[in-house]
Amino acid sequence: MLEFILCIIIILSAILALIQKDLFKAAILTGFSAAALAVLFQVLLAPDVALTQAIVGAAIVPVFIALAVKKTQRSDS
């Protein structure tokens, strides 16, 4: 039952990340989806995959996306 709830959370947060206009919110939702996926891997007894997903998917990738968005924003002046 917990696996199905986590799958629904992962799918919904990924869809919400895709339809966001604000790219910072999309980066946060991408990290949230990856964190839920890491929890799912832990529930499915794959701790090595869960740890890698938590580090890379939930921490590094959203930070890189946010930094890229910040570096490429246009000024309104």
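With a 4.5 Å cut-off between side-chain heavy atoms of Ile, Leu, Val, Met, Phe, Trp and Tyr, the cluster of Leu45 takes in none. Cluster partners of Ile19, using a side-chain heavy-atom cutoff of under 4.5 Å among ILVMFWY residues and allowing indirect links, are Leu16, Leu29.
Taking hydrophobic clusters as Ile, Leu, Val, Met, Phe, Trp and Tyr residues chained together by side-chain heavy-atom distances below 4.5 Å, Leu23 shares a cluster with Val61.
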Considering only distance and modelled atom types, tabulate donor-acceptor pairs under 3.5 Å from the side chains of residues 1-14, sequence neighbours left out.
from: Glu3; atom 1: OE1; to: Met1; atom 2: N; distance (Å): 3.3
from: Ser13; atom 1: OG; to: Ile9; atom 2: O; distance (Å): 3.0
from: Ser13; atom 1: OG; to: Ile10; atom 2: O; distance (Å): 3.1

Name every donor-acceptor pair, under 3.5 Å, that has one atom in a side chain of residues 48-55 and the other anywhere in the protein, sequence neighbours excluded.
from: Thr52; atom 1: OG1; to: Asp48; atom 2: O; distance (Å): 3.0

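For the atom pair OG1 of Thr30 and CD of Gln20, the computed distance is 9.5 Å after rounding to the nearest 0.5 Å.
Applying the side chain to side chain contact (heavy atoms under 4.5 Å, CB included) rule to Ala27 yields the partners Ile65; only residues at least two apart in sequence or on another chain are considered. By the side chain to side chain contact (heavy atoms under 4.5 Å, CB included) test, Ala35 is found to be paired with Ala58, residues two or more places apart in sequence or in another chain being considered.
By the 6.0 Å contact criterion, CZ on Phe24 is enclosed, its count of non-hydrogen atoms from other residues, nucleotides or ligands being greater than 12.
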